[in-house]
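Please read the structure below before turning to the comments.
So you know, we letter chains A, B, ... as the sequences are listed, proteins then strands, and number each from 1. On a predicted model such as this, the values are computed, not experimentally measured, just so you know.
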2 protein chains.
Amino acid sequence: MTRQSRSGDATVAAVRHFTRFFTRRIGVLRRRLYASPFSLVEARVLYEVAHHPGTSAGAVASGLGLDPGQLSRTLNALVRRGLVRRRKATGDARRHALETTARGAKAFAGLDSASRAEVAALLAPLGAHDRDALTGALATAERLLEPARPAADEFVLRSPAIGDMGALTAAQARLYAREYGWNGEFEALVAEIVAKFIRDFDPARERCWIADRRGEIAGSIFLVKESDKVAKIRLVYLEPWARGVGLGRRMLAECLAFARACGYAKVVLWTNDCLVDARRLYEKAGFVLVESERHRSFGKDLVGQSWSLDLSAR
Amino acid sequence: MTRQSRSGDATVAAVRHFTRFFTRRIGVLRRRLYASPFSLVEARVLYEVAHHPGTSAGAVASGLGLDPGQLSRTLNALVRRGLVRRRKATGDARRHALETTARGAKAFAGLDSASRAEVAALLAPLGAHDRDALTGALATAERLLEPARPAADEFVLRSPAIGDMGALTAAQARLYAREYGWNGEFEALVAEIVAKFIRDFDPARERCWIADRRGEIAGSIFLVKESDKVAKIRLVYLEPWARGVGLGRRMLAECLAFARACGYAKVVLWTNDCLVDARRLYEKAGFVLVESERHRSFGKDLVGQSWSLDLSAR
DNA sequence: CCCGATTAGTTGACTTTGTCAAATATCAAT
DNA sequence: ATTGATATTTGACAAAGTCAACTAATCGGG
């Protein structure tokens, strides 16, 4: 997937290249639509109205990037054909609430499934792995091109698949390298931890959760067995773009629920004091700081912290 | 980045979602062009002619996905304005060779740099890491959407950056899982090997090459020290889409040249007999099979092979 | 409650883009 | 030279996109 820091120019070139490529590729997809009785814009408007019943013309126009005038005319055509209804909106008489008629909904369903089939045909030659890779790549591209915070409900907590351990290693190594300047030593440490996790995995008492958004890894948390009564949380991380939507809390809660269900009496973890957000998370969950010691690791002077949570209390 | 096998439907939905997103995003970029005296199609045609001097109308039309008629008129407009020249092509009098005039080249340069600046502005909020991630993601997406074999000269051999070891681990684990059904044990092994490589790295006598195509990892090869006189090749792999363009040979050659320069007398490697392509590569480079033994690893019954190359001979 | 400024949407008058079929000029091969 | 293909142009439109003027409602003070 990645990378050696390239110049800004190279990225600009890559984006322009992709834009040209995709314009051509989309062009092909678009043209196909002409087997239907709808023009491309009509189909897009129908899609928008079908997906957001009750929207206003303005919302549709800005959602599709269309000129309000053009949209008005397109809507007229759809209304004339009995596919879309304009209804008085509640409160503001300037705007109309738009919705599809029964006929419009049916026409849209036809269009939609045709479009789906077309894309499915495009993807037919790809194997499962390539599909997953494509899904993730598109999610990454969109996230980076669109400066908007993802919604909490887009994240799924799932167990790891093959390759995820390596991907996690890469993600964490890169994250801490750019945020704190840690060196390859940290990547080696993570690689050793995940290798050990795979080798000694006890499915009944250990688990790993991957936070996944549209096929892109957003974070992780591991629970491993230290002894019969003590579990240890490891490799907690969250991509910066996935922070601030309560995902960390959710992951920790999931992890602790599992620890309780396993009958552990205590959960411990080790972290560094520079990871402020994570520390706050542990405190809120009831963890207490047990020990703190200076150490030199990953090319930096750090302060390691041991935290502990008593599960038998409560 | 990644993934847990999702249904075909989910990928279709992801592609459709991205198409809508990108259509809107491109729309914004396109409109900006209108500050110039060129229409969008004129600009695109000018771009194509400037980049491929001497092309024919047909080539431009199919390259941009334009109707030949539309293109003909657009060319007329550009010729009328003195920006493009039609010249008799050598051999075939039906087609004209197209090229920009001096004025056309100048106009194009202005457009081009404006477009570059615009994309650069779009990317301005991104840090180096995000830029690299975007570059790689776009390369992945394009590769998967366009069924065309990459050209040999697009691949660069470079040394690893932070995160590459984890990414390699993921890539190899996934590759061998889908091609040969190997399980997580293999991923653990790779993670251990890369961890050890980082920890014990001897820059004078060891090296790792990453094959990189447009920010996407396409393969790897490692040379590590076994003893003063013996080096070992490890973790050789090549993505299926990067095969068949002589890249494997190039990587092995690079690696062996380095081994020679280091003064090693012998290079050894261990592989499995099911990796047929790799074996052929080693044979061609002069390696001889030293030993072969059955073993059970990665959830499969395999035949391991030790190969050796004497560097002192020759 | 009224008044000016804003906002949502419509309409008219365009230009640009995209489509399709027919026409013209070669070319390649018998 | 004739025939069937290929490259490009032209004509006639349909669809998409732009821009400014216009209508009707709403909002935020006085």
Side-chain angles (χ1 to χ4, degrees), chain A residues 23-24 26-49 52 54-81 84-98, chain B residues 23-24 26-49 52 54-81 84-98:
Chain A
T23 301
R24 194 159 32 83
I26 282 182
V28 173
L29 282 185
R30 297 184 133 186
R31 236 141 282 168
R32 292 286 151 70
L33 208 66
Y34 279 70
S36 84
F38 299 101
S39 76
L40 176 60
V41 169
E42 285 171 341
R44 293 215 292 152
V45 169
L46 198 52
Y47 180 99
E48 203 70 9
V49 173
H52 308 285
T55 36
S56 63
V60 173
S62 76
L64 296 178
L66 288 179
D67 181 85
Q70 185 184 0
L71 178 70
S72 176
R73 266 181 281 261
T74 308
L75 278 175
N76 276 339
L78 292 174
V79 169
R80 208 178 319 117
R81 289 206 259 167
V84 169
R85 218 186 343 250
R86 281 192 176 98
R87 207 175 252 180
K88 288 227 170 74
T90 53
D92 190 334
R94 285 173 309 177
R95 60 181 49 162
H96 313 169
L98 301 170
Chain B
T23 301
R24 192 160 33 85
I26 283 184
V28 174
L29 284 185
R30 299 185 132 185
R31 236 143 282 169
R32 293 284 152 73
L33 206 66
Y34 279 71
S36 84
F38 298 101
S39 76
L40 175 61
V41 169
E42 284 172 342
R44 293 215 291 152
V45 169
L46 199 51
Y47 179 98
E48 202 69 10
V49 173
H52 308 285
T55 37
S56 62
V60 173
S62 75
L64 296 177
L66 288 179
D67 180 85
Q70 186 184 0
L71 178 69
S72 175
R73 266 180 281 261
T74 308
L75 278 175
N76 276 340
L78 291 174
V79 169
R80 207 179 316 119
R81 289 205 259 168
V84 168
R85 211 178 2 241
R86 282 193 176 99
R87 205 175 255 178
K88 289 228 170 73
T90 54
D92 190 334
R94 286 172 308 177
R95 60 182 50 164
H96 311 169
L98 300 170

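One finds a side-chain N or O of Arg86(B) lying less than 4.0 angstrom from the OP1 or OP2 phosphate oxygen of dT9(D). Asn76(A) has no side-chain polar atom (N or O) that falls below the 4.0 Å cut-off from OP1 or OP2 of dG9(C). Distances shorter than 4.0 Å separate some side-chain N or O of Ser39(A) from OP1 or OP2 on dA16(D).
Taking atom CG of residue Leu98(A) and atom C1' of nucleotide dT10(C), one finds them 14 Å apart after rounding to whole Å. Atom CZ in Arg44(B) sits about 10 Å away from atom C1' in dT17(C), given to the nearest Å. Whole-Å rounding puts the Leu40(A) CG to dG18(C) C1' distance at 11 Å. Look at CG on Leu66(B): it is 14 Å from P on dC20(C), rounded to the nearest Å. In this entry the distance linking CG of Leu75(B) with C1' of dT17(C) reads 15 Å, nearest Å. Leu71(B) places its CG atom 13 Å from the C1' atom of dG18(C), with the value rounded to the nearest Å. Between the CZ atom of Arg80(A) and the P atom of dT10(C) there is a distance of 13 Å, rounded to whole Å. Between Gln70(B) atom CD and dT16(C) atom C1' there is a gap of 9 Å when expressed in whole angstrom units.
Among the nucleotides dT10(C), dT10(D), dG12(C), the one closest to the side chain of Ser72(B) is dT10(D). In this structure, the nucleotide among dG9(C), dA16(D), dT18(D) sitting nearest to the side chain of Asp67(A) is dT18(D). Considering only side-chain atoms of Val41(A), the nucleotide from dT9(D), dA16(D), dG18(C) that sits closest is dA16(D). Distances were taken from every side-chain heavy atom of Pro68(B) (C-beta onward) to each of dT9(D), dT26(C), dA16(D); the shortest belongs to dT9(D). Side-chain proximity of Arg73(A) to the nucleotides dT10(D), dT9(D), dT11(C) is greatest for dT11(C). Comparing dA25(D), dG17(D), dT8(D) by their closest approach to the side chain of Asp92(A) singles out dA25(D). Nearest to the side chain of Arg95(B), among dT10(C), dA7(D), dG18(C), sits dA7(D).
For the atom pair Leu75(A) CG and Glu42(A) CD, the distance stands at 10.0 Å (nearest 0.5 Å).
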TODO: Show your reasoning for whether side chain to side chain contact (heavy atoms under 4.5 Å, CB included) applies to Leu98(B) and Arg85(B).
DONE: CA-CA 6 Å; Leu98(B) 300 170; Arg85(B) 211 178 2 241; over 6 Å; no
TODO: List the steps and the verdict of side chain to side chain contact (heavy atoms under 4.5 Å, CB included) for Thr23(A) and Arg44(B).
DONE: CA-CA 11 Å; Thr23(A) 301; Arg44(B) 293 215 291 152; 3.7 Å; yes
TODO: Could you walk me through whether Thr55(A) and Glu48(A) pass the side chain to side chain contact (heavy atoms under 4.5 Å, CB included) test, one step at a time?
DONE: CA-CA 9 Å; Thr55(A) 36; Glu48(A) 203 70 9; 5.8 Å; no
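Residues Ala93(A) and Ala57(B) each lie close to DNA chain D; by heavy-atom proximity, the contact nearer the 5' end of the strand is made by Ala57(B). Toward the 5′ end of DNA chain C lies the nearest nucleotide of Arg94(A), the other residue of the pair Arg94(A) and Gly69(A) mapping further downstream.
Across all strands, Thr74(A) comes closer than 4.0 Å to no nucleic acid atom at all (heavy-atom distances).
Listed by chain and residue number, nothing satisfies the side chain to side chain donor-acceptor pair (under 3.5 Å) test with Arg95(B) (two or more places apart in sequence, or in another chain).
A side chain to side chain contact (heavy atoms under 4.5 Å, CB included) with Leu46(A) is found for one member of Val84(A), Val41(A), Thr74(A) and no other, namely Val84(A).
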